[in-house]
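What follows is one structure encoded as structure tokens, with my remarks underneath.
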Amino acid sequence: MLDTPVGRDIKQAHVTHQWKHDRPLIECRIDPLGRYVFASAEDNSIQRWAFSDEVKTPLIAHESWVFAIEHSLDGNWTVTAGGDGRLIWWETASAEPKPVRTIDAHHGWIRSLAVSPDGKTLASAGNDKVIQLWNIQDGTPLGELHGHERHIYCVRFHPTDSNVLLSGDIMASLKQWDVSKQAVTREFDCKPLHSYNTGQKVDFGGVRAIAVSPDGKYLAAGGLHKASNPLGSVHEPLDLMFDWESQKLLQSCVAEKIRSVIWRQLFIDDTTVMAVSGGTGGGLLHFWSPTATKEIHQFKLPKHARDMDLHPDGIQVATTHSDSILRITKLAPKTA
Amino acid sequence: MAINYNCKNNEHQFARRSFLGGMLTGATAVVGGLGAFTAPQAYAKLNRDQKRIVVFNMHGGLSQLESWDPKPGTDTGGPTRAIATSVPGIHIADTLPHTAKQMHNLCLVRSVNTKNGDHGKGRYMMLTGRAQTPAADYPEIGAVAAKTLNPPQTSLPGHIRITPGGSGGRGNDSAYLGPKYASISLDGGKPPQNTTLPKTVTAAGDEQRNQFRQFANTGFLERRRTAMTDAFTYSYEQAEQLMRQRDIFDITKESEKDTARYGSHDFGRHCLLARRLLENNISFVQVSHSNYDTHNENFNFHLEQLEEFDSPFATFVGDLADRGMLESTLIVVLSEFGRTPRINDRYGRDHWGNAWSVALGGCGVTNGASFGATNENGTKVVDGEIDHRHLFHTYLSAVGVDPTGSFDIGGRDMLRADPEGHAIKEILV
């Protein structure tokens with residue numbers, strides 16, 4: 001059960017801060033203690049902004065773009081991963097962050113990281129189709145999960161059960177794993193999220209974003225559909241809402257005539273998903289519910305958005321953008 | 001229709017699909033025979049002497065930054081990394097790990113500036129070596145290769161295109177060289193259309209039909225032989241030989257081991273078919289791989305597409321090397337243009353013809369080398385700038401055809417290549 005923070009009103013959302021870097025930004029995460037927001041950039045760096053004084057600090061070590069950032073639950077460690085196939089551990093609050101541990105973890109891109117709710121395990125996944133499990137405190141390998149046949153786009157742990165991991169790939173195969181047994185226990189039918197364009201000869205779409213509601217009742221799988229021209233970015237966002245127990249599809253949440261893809265989503269309470277989409281339709285925050293047929297709310301961001309994270313206060317949202325700006329949006333009324 | 005035989009300008013007047021369309025009709029006259037030219041001895045000599053060209057057309061516009069000219073760590077490089085190749089000092093994108101091991105059989109041209117960002121114009125430029133104008137039409141490299149490389153006595157077509165899909169038939173790509181040199185499309189890698197006998201026609205019946213056709217044609221030609229009738233004759237003879245040699249187009253005749261090595265997907269099968277055609281002395285084979293027009297999610301799509309391309313292509317190059325065919329086969333990997341160094345809002349790259357790359361290899365070029373260069377972030381050519389005209393001259397020179405020569409078309413000299421271009425001498429051997 002996740003309580004709604006006092007003062008949150010998604011329909012009063014507004015941008016409060018715009019923090020500028022000199023290269024387009026990619027991924028972002030806010031540390032669990034709410035002190036910093038980390039954003040990767042197209043210069044292979046990660047930039048850390050402090051909420052307190054807005055000071056920007058670079059984290060330099062990767063040799064490709066960083067596609068995934070996660071933190072240990074105690075906030076001590078920041079782990080980053082990307083196109084160089086490396087996992088790098090950093091001290092989250094270091095005045096001059098340096099790599100503490102570097103592991104050549106995957107062959108090819110690492111696209112996604114996830115931290116288990118008990119705070120012990122880090123999962124990594126990417127183009128080598130393997131999910132690897134690590135002790136987040138010391139980087140010890142804990143096991144591998146094999147089963148995907150194509151690039152893995154997303155991994156997420158169940159919010160309350162560290163033995164349950166979810167992973168989705170380009171073919172829209174969404175697998176539920178029993179981590180201790182290293183075996184697939186269920187699959188969710190997410191076929192609408194995949195398309196194959198016979199003219200362009202390309203697979204497209206896939207499970208780009210996975211979220212499970214805090215009470216464990218719903219699973220959301222996001223991506224895109226209506227991909228009439230994948231190479232030209234003609235497609236619309238789609239979020240599939242499932243009942244966790246029965247795996248029944250409850251809602252197919254859409255934003256019609258918006259040409260974009262869902263990059264990330266999370267439940268901001270037990271029945272509300274916040275998703276960020278980007279594309280030729282610009283950048284948007286969508287608010288959907290597994291119990292509502294229509295979009296609850298939509299907030300248009302100033303530029304193309306690429307990722308999003310929610311501050312522990314439940315009100316501030318960080319988004320990365322192609323115009324090199326990290327934006328902070330408040331899900332609350334403006335104050336004088 | 002009486003046509004001056006000496007004018008030699010009749011071939012282009014045939015209807016586009018006359019060759020294959022006429023394969024099964026058997027309704028008009030034919031003369032002579034090609035059997036003598038398909039004798040084993042003649043084939044052995046062809047194998048030794050005949051030059052061939054194979055073009056891999058990366059449809060849509062391959063990103064040079066995700067293939068032959070990566071710029072990691074720059075503002076344009078994207079997440080793509082550079083990897084070492086079998087040639088010390090030459091690095092290519094990490095999307096091509098298998099191809100990297102064949103770099104000693106390839107030659108990179110990293111300084112192409114065609115100043116064009118239009119698909120149609122770019123395709124025309126790269127395949128004809130000329131700018132597209134309303135005033136004239138020029139034959140594609142495949143037609144020129146068929147005309148100049150195919151031994152005159154061969155019974156097989158010299159210009160084959162293998163495409164992922166389509167309806168088959170002949171292309172409209174030979175301009176003034178005429179339909180004899182137009183491409184035959186093997187769409188989906190399938191054998192040419194209409195090359196099997198209808199179920200209602202027996203082999204004996206077909207033989208009788210051909211004998212009658214030859215008889216009638218001989219009588220006709222004694223009185224009215226023209227270039228038109230000779231071309232018709234050639235078409236029927238070629239069609240007949242094509243039907244007899246249909247196995248050449250059938251990759252199920254290849255070993256299971258080779259089929260597995262090339263992979264079961266379309267492009268793998270098409271590469272294996274290309275090898276089979278070249279081994280059977282087809283002068284020109286073009287294999288298309290689609291699609292690289294990645295305005296959106298350029299990096300994801302290049303990873304996928306090049307993952308499919310890389311292993312079969314490298315296997316193909318290695319096989320040609322192992323079989324001694326690289327000495328007689330020019331490999332070209334081209335596209336209609338490259339892609340912008342600038343990465344757009346959607347992680348895409350757009351059309352870009354100002355600084356991109358083409359890969360060559362095999363016959364007549366310096367393998368294990370690279371020519372030309374772009375600047376640090378790939379936004380402009382800084383050394384050895386060339387364009388489509390120079391490349392076209394280079395292709396012909398590499399296979400021993402003088403690009404400054406001409407075709408006699410109806411008594412008019414038509415230059416084989418744009419006179420404003422010249423071969424890239426630095427890479428020719």
Side-chain angles (χ1 to χ4, degrees), chain A residues 22-24 26 40-45 60 62-67 82-85 107-111 126-127 150-151 153 170 197-206 208 224 227 229-235 259-261 263 278-283 303-306 321-324, chain B residues 58-61 63 66 70-83 93-95 97 119 163-166 188 265-267 270 288-310 339 341-351 377:
Chain A
D22 52 11
R23 297 296 308 284
I26 306 170
S40 60
E42 288 188 9
D43 55 10
N44 298 351
S45 76
I60 308 290
H62 279 284
E63 294 182 1
S64 180
W65 288 4
V66 168
F67 297 119
D84 55 10
H107 182 73
W109 293 9
I110 300 172
R111 291 177 180 264
N127 291 354
R150 298 289 294 272
H151 296 171
Y153 279 177
I170 182 177
N197 188 293
T198 53
Q200 298 176 344
K201 307 287 179 191
V202 291
D203 287 302
F204 189 48
R208 305 293 182 99
L224 59 89
N229 180 3
L231 300 176
S233 192
V234 182
H235 50 75
R259 290 185 176 179
S260 62
V261 54
W263 291 120
T280 51
K303 284 290 285 184
H304 292 75
R306 293 174 161 183
H321 296 263
S322 60
D323 62 354
S324 309
Chain B
M58 312 296 267
H59 186 64
S63 169
E66 273 63 61
K71 302 291 183 182
T74 71
D75 59 338
T76 59
T80 305
R81 304 175 76 197
I83 56 171
D94 60 355
T95 52
H119 284 294
T163 58
H265 51 76
D266 284 353
F267 184 71
H270 296 173
S288 294
H289 193 229
S290 185
N291 190 291
Y292 293 90
D293 193 18
T294 50
H295 299 278
N296 180 44
E297 299 195 20
N298 169 78
F299 307 103
N300 280 339
F301 282 124
H302 272 78
L303 274 173
E304 286 180 54
Q305 300 298 79
L306 288 175
E307 186 174 87
E308 187 176 89
F309 170 85
D310 181 41
R339 305 211 73 82
R342 179 184 173 275
I343 299 160
N344 69 27
D345 292 333
R346 304 177 306 281
Y347 299 118
R349 295 191 193 271
D350 301 309
H351 301 177
N377 61 358

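Every chain is numbered from 1 and lettered A, B, ... according to where its sequence line falls, protein lines coming before strand lines.
For A:Asp323, no part sits under 4.5 Å from any heavy atom of chain B, backbone or side chain. Only the side chain of A:His151 comes within contact range of chain B, with heavy atoms under 4.5 Å apart. For A:Ile26, the parts lying under 4.5 angstrom from a heavy atom of chain B are both the backbone and the side chain. With a 4.5 Å cut-off on non-hydrogen atoms, A:Arg259 does not touch chain B at all. There is no contact between B:Asp350 and chain A, counting heavy-atom distances below 4.5 Å. Contacts between A:Asn44 and chain B at a heavy-atom distance below 4.5 Å involve the side chain alone, from C-beta outward. Heavy atoms of B:Glu308 lying under 4.5 Å from chain A are absent altogether. In this structure, chain B has a heavy atom under 4.5 Å from the side chain of A:Asn127, while its backbone stays farther away. Heavy-atom distances place both the backbone and the side chain of B:Pro164 under 4.5 Å from chain A. Residue A:His321 does not touch chain B at all, counting heavy-atom pairs closer than 4.5 Å.
The one candidate from A:Phe67, A:Trp65, A:Tyr153 that meets the ring-ring contact (aromatic ring centres under 6.0 Å, His included) condition with A:Trp109 is A:Phe67.
Heavy atoms of other residues, nucleotides or ligands lying less than 6.0 angstrom from NE2 of B:His265 number more than 12.
To the nearest 0.5 Å, atoms CZ (A:Arg23) and OG (A:Ser322) are separated by 12.5 Å.
Under the side chain to side chain donor-acceptor pair (under 3.5 Å) criterion, A:Arg208 pairs with B:Glu297, not counting sequence neighbours.
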side-chain contact (heavy atoms from CB on, under 4.5 Å) evaluation trace for B:His302 with B:Arg339: CA-CA 11 Å; B:His302 272 78; B:Arg339 305 211 73 82; 4.1 Å; yes

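The candidate from A:Gly83, A:Ser233, A:Ser260 with the greatest count of non-hydrogen atom pairs under 4.5 Å with chain B is A:Ser233. Between chain A and the options B:His289, B:Glu304, B:His59, B:Gln305, the largest number of non-hydrogen pairs under 4.5 Å is found for B:Glu304. Among B:Gly60, B:Pro97, B:Gly77, B:Gly78, the residue making the largest number of heavy-atom pairs under 4.5 Å with chain A is B:Gly78. Most heavy-atom pairs under 4.5 Å with chain B, from the set A:Leu231, A:Val261, A:Asn229: that is A:Leu231. Interface check for chain A: of the options B:Thr294, B:Asp75, B:Asn344, the most heavy-atom pairs under 4.5 Å are formed by B:Asp75.
With 3.5 Å as the limit, one finds a donor-acceptor pair spanning the side chains of B:Thr80 and B:Glu66. Neither side chain, B:Thr76 nor B:Asn377, offers a donor N or O lying under 3.5 Å from an acceptor on the other. Defined by atom type and a distance below 3.5 Å, a donor-acceptor pair is missing between the side-chain atoms of B:His270 and B:Asp266. Under 3.5 Å, the side chains of B:Asp293 and B:His295 contain a donor-acceptor pair of N or O atoms.
The two residues A:His62 and A:Asp84 make their nearest non-hydrogen contact at ND1-OD2, 3.0 Å.
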